[in-house]
Amino acid sequence: MTTQTTASTTAATPTANASTGLIGIPPHIGRALATGGSVLTVVSTFLAWTWTAEFPGDLTFYGYPGGLQVLVLIGGALTVLFGLASYGVKGLGWLAPAGADAAVKYAALGTFATAWYTILAISFQLGGLVNLEPGGYVVAVATLTALLGALALPFERPEPDPFDPDDTGWEQFKHRTGHSMAVLRAAFASGSPRPVRVLPSYAEILIIVAVLALALVVFTYGIGTEYDELFVGFLITAGFGFAALNRSGLISHASQITARHTNITVCGAFIAAACFPFTQTDDQYATLGVYILIFATVALGLNIVVGLAGLLDLGYVAFLGVGAYAAALVSGSPSSPFGVHFPFWAAVLVGAVASLVFGVLIGAPTLRLRGDYLAIVTLGFGEIFRIAANNTDGTSGPDLTNGSNGIASIPDLKILGFDLGVPHDIAGFTIGRFANYFFLMLIITAVVVLVFRRSGDSRIGRAWVAIREDETAALAMGINGFRVKLIAFAVGATLAGLAGTVQAHVTYTVTPEQYLFAGTTPPNSAFLLAAVVLGGMGTIAGPLIGAALLFLIPNKLQFLGDYQLLAFGLALVLLMRFRPEGLIPNRRRQLEFHEDDAPAVLSKTGA
């Protein structure tokens with residue numbers, strides 16, 4: 001009872017222990033400036049920002065926003081909501097279970113960055129500030145005012161989530177504190193010392209549906225940005241918006257809700273993904289969608305090797321290539337020396353089994369190594385595969401892969417008479433070639449997710465985690481380390497080969513240059529590993545989201561030319577600096593990166 005009373009008092013007076021923020025303005029004045037400036041920002045998006053339609057998005061209209069103005073409107077509205085929540089407005093407390101001040105800062109900063117980026121872009125492209133209309137000056141002043149007010153708010157370091165569903169010690173913790181387990185999970189997830197009210201199951205399911213719908217809208221908007229300036233503004237708004245929602249505690253709260261309804265969340269996510277092709281009018285963006293799914297599926301397979309078993313594999317893309325080449329050789333390509341045309345199911349089996357065999361052959365002599373030595377050996381395997389595929393052209397070696405020309409003219413798949421290369425009409429929607437392959441890859445992704453979930457929760461999955469945490473201790477407990485690691489290697493290789501069979505038919509051609517260690521575009525080993533680390537090792541959603549970002553962003557940033565990798569690398573450095581556990585972290589891994597803060601959280605609850 002004492003703990004709960006103290007926590008409630010602390011939550012009710014968020015500024016009791018901190019006087020000012022980064023500047024000398026009193027917090028109550030800063031809160032008013034942030035909220036008022038954001039209201040003015042929202043109003044400014046309904047004014048014209050420039051006089052000419054030459055700037056993309058046509059920001060010349062009064063009465064409704066367009067282009068980048070929509071993003072500023074979203075950022076401004078989010079800042080207003082968090083600002084009102086910081087005042088304790090009735091009915092908005094659910095927006096910030098961990099406190100609204102930090103969320104106001106990030107939302108205001110994102111809105112300021114997007115607005116000023118737009119103003120500067122207009123000035124540079126059109127030839128000076130003279131091209132701004134009154135709305136442009138208003139939004140510049142309003143966002144600057146909101147940012148200054150947000151910086152005056154007290155600084156509060158967010159607390160990590162100590163909940164780990166694998167830790168049975170929480171049962172003892174429940175009895176010591178007297179709170180229900182569900183309430184404690186929600187309270188810790190939000191980063192707040194006060195318990196969060198647990199909603200009925202039907203309400204939580206509705207929240208899951210809303211979250212998935214929002215994710216689909218954000219992804220569809222991001223992938224469908226029509227010009228470079230809009231995509232850059234989308235990245236700024238989405239990045240700072242995610243940070244604001246995370247600091248408010250909403251992300252953690254939603255994560256706990258989805259964890260309590262895992263099966264519903266997984267099924268809902270696949271249903272939401274299946275809706276994506278129906279939002280597109282042509283195959284332009286469905287093409288990116290199917291490539292993202294291929295990349296994400298391979299990254300999820302790598303997550304078994306790296307995230308669960310802790311094996312640093314730098315040549316994993318070679319298994320994707322093995323599966324693609326194996327399927328291409330038996331799928332009726334005129335470039336294949338075998339001259340056979342297997343049905344889809346047989347080609348899939350050939351690709352998966354070929355990758356499995358190579359995984360065992362490579363893993364058997366190398367998995368007795370650890371750490372950097374294993375990484376160097378796997379890197380060498382990836383390069384050996386690419387060089388061997390180049391040399392088996394009938395001149396430098398046997399005539400098998402057609403050398404650098406690759407296996408070309410791979411025919412489209414036909415499944416039960418359904419030709420995936422031909423558009424089809426479904427419920428009044430025309431589904432093109434890449435949309436057909438998108439649905440096929442979605443089914444394969446579901447299979448990979450099922451394998452990952454079952455493997456991670458199985459006895460062998462626990463053995464992988466034990467090997468990852470401390471191989472010496474695991475061996476001392478009787479775990480056969482070599483056999484466990486070899487199984488992880490084989491399973492990961494098989495899943496990569498499965499995705500490779502579809503990639504071969506989607507791209508029509510398989511060449512050695514598609515399977516490099518590093519390059520400007522994925523899939524390659526470096527990007528695959530980055531997707532796992534960026535998204536969150538050991539989780540399902542992490543690599544999927546990381547792969548989507550790492551495939552989408554380079555494709556959209558091609559206008560940067562030689563500076564593309566510089567900007568991309570800088571973004572990765574900043575992300576790893578401020579969120580090293582990844583976007584969707586494993587709970588135990590999150591505590592490993594914030595272990596210094598964990599005792600403070602536990603002490604607040606009396607544990």
Checklist entry - Can you name the residues that form a ring pair (Phe, Tyr, Trp, His ring centres under 6.0 Å) with Tyr508, not counting sequence neighbours? => result none

Checklist entry - Is it true that a side-chain atom of Thr262 and a backbone atom of Ala259 form a donor plus acceptor pair closer than 3.5 Å? => result yes

Checklist entry - Is a donor on one side and an acceptor on the other found under 3.5 Å between the side chain of Trp464 and the backbone of Val484? => result yes

Item to check | Nearest atoms (heavy-atom pairs only) where Leu528 meets Tyr316 | outcome: CD1-CD2, 4.1 Å

Checklist entry - Considering only heavy atoms from C-beta outward, does the side chain of Tyr437 approach that of Leu293 to under 4.5 Å? => result no

Next on the checklist: What's the separation between atom CD1 in Ile444 and atom CG in Leu495, rounded to the nearest 0.5 Å?
Outcome noted: 10.5 Å

Checklist entry - Is the closest side-chain heavy-atom distance between Val218 and Phe242 below 4.5 Å? => result no

Next on the checklist: Show the nearest heavy-atom pair for residues Ala435 and Pro277, with the distance to one decimal.
Outcome noted: CB-CB, 4.0 Å

Item to check | CA sep, side-chain torsions, deciding dist, call: Arg453, Ile540, side chain to side chain contact (heavy atoms under 4.5 Å, CB included) | outcome: CA-CA 8 Å; Arg453 286 188 64 191; Ile540 294 177; 2.9 Å; yes

Checklist entry - About how many Å separate CG of Leu216 and OH of Tyr221, when rounded to the nearest 0.5 Å? => result 15.0 Å

Next on the checklist: Taking the side chain as everything from C-beta on, heavy atoms only, tell me whether Val506 gets closer than 4.5 Å to Met441.
Outcome noted: no

Next on the checklist: Could you check whether any side-chain N or O of Ser333 sits under 3.5 Å from a backbone N or O of Leu329, counting only pairs where one atom can act as donor and the other as acceptor?
Outcome noted: no

Checklist entry - Which pair of non-hydrogen atoms, one from Leu314 and one from Thr378, has the smallest distance, and what is that distance? => result N-OG1, 3.0 Å

Item to check | Atom pair CG/OG1 of Asn390 and Thr401 - distance to nearest 0.5 Å | outcome: 7.5 Å

Item to check | Test item: Thr501 side-chain N/O and Ala327 main-chain N/O as donor-acceptor pair under 3.5 Å | outcome: no

Checklist entry - Roughly how far, to the nearest 0.5 Å, is CG of Leu544 from CZ of Phe452? => result 9.5 Å

Checklist outcome for this item: ring-ring contact (aromatic ring centres under 6.0 Å, His included) with Phe319: of Tyr515, Phe381, Phe358, only one passes, and it is Phe381

Checklist entry - Do Phe342 and Leu349 come close enough that some side-chain heavy atom pair is under 4.5 Å? => result no

Checklist outcome for this item: Asp313 and Val306 have their tightest heavy-atom pair at N-CG2, 4.2 Å

Checklist entry - Could you state the interatomic distance from CG (Leu312) to OH (Tyr373), rounded to the nearest 0.5 Å? => result 14.0 Å

Item to check | Thr494: partners by side chain to side chain donor-acceptor pair (under 3.5 Å), with sequence neighbours left out | outcome: none

Checklist entry - For Thr297 and Val447, what are the C-alpha separation, side-chain angles and deciding distance, and is it a side chain to side chain contact (heavy atoms under 4.5 Å, CB included)? => result CA-CA 10 Å; Thr297 303; Val447 173; over 6 Å; no

Checklist entry - Do the non-hydrogen side-chain atoms of Ser331 and Val350 ever get within less than 4.5 Å of each other? => result no

Item to check | Residue pair Phe489, Val360: steps toward the side chain to side chain contact (heavy atoms under 4.5 Å, CB included) verdict | outcome: CA-CA 7 Å; Phe489 221 66; Val360 173; over 6 Å; no

Checklist entry - Quick one: does Lys485's side chain get under 4.5 Å of Glu471's, heavy atoms only? => result yes

Item to check | Counterpart residues, salt bridge (charged side-chain N to carboxylate O under 4.0 Å, His left out), relative to Asp470 (two or more places apart) | outcome: none

Item to check | Minimal non-hydrogen separation, Leu68 against Gly233, with atom names | outcome: CD2-CA, 3.8 Å

Item to check | Minimum heavy-atom distance between Glu229 and Pro56, given as atom pair plus value | outcome: OE1-CG, 3.8 Å

Item to check | Ion pair check, Arg386 and Glu513, cut-off under 4.0 Å | outcome: no

Item to check | Step-by-step side chain to side chain contact (heavy atoms under 4.5 Å, CB included) determination, Ile223 to Phe276 | outcome: CA-CA 11 Å; Ile223 202 173; Phe276 168 72; 3.8 Å; yes

Checklist entry - Is there a donor-acceptor contact under 3.5 Å from the side chain of Lys556 to the main chain of Asp228? => result no

Checklist entry - Looking at side-chain heavy atoms only, is the closest gap between Ser355 and Tyr325 below 4.5 Å? => result no

Item to check | Under 3.5 Å donor-acceptor, Asn402 side chain and Asn405 backbone | outcome: no

Checklist entry - With a 4.5 Å heavy-atom cut-off, do Ile415 and Trp345 have their side chains touching? => result no

Next on the checklist: Looking at Gly536, is its backbone amide N or carbonyl O close enough to the side chain of Thr539 to form a donor-acceptor pair, meaning the two atoms are under 3.5 Å apart?
Outcome noted: yes

Checklist entry - Is a side-chain N or O of Gln514 found less than 3.5 angstrom from the main chain of Thr509, in a donor-acceptor match? => result yes

Item to check | Separation of Lys414 NZ from His341 NE2 (nearest 0.5 Å) | outcome: 8.0 Å

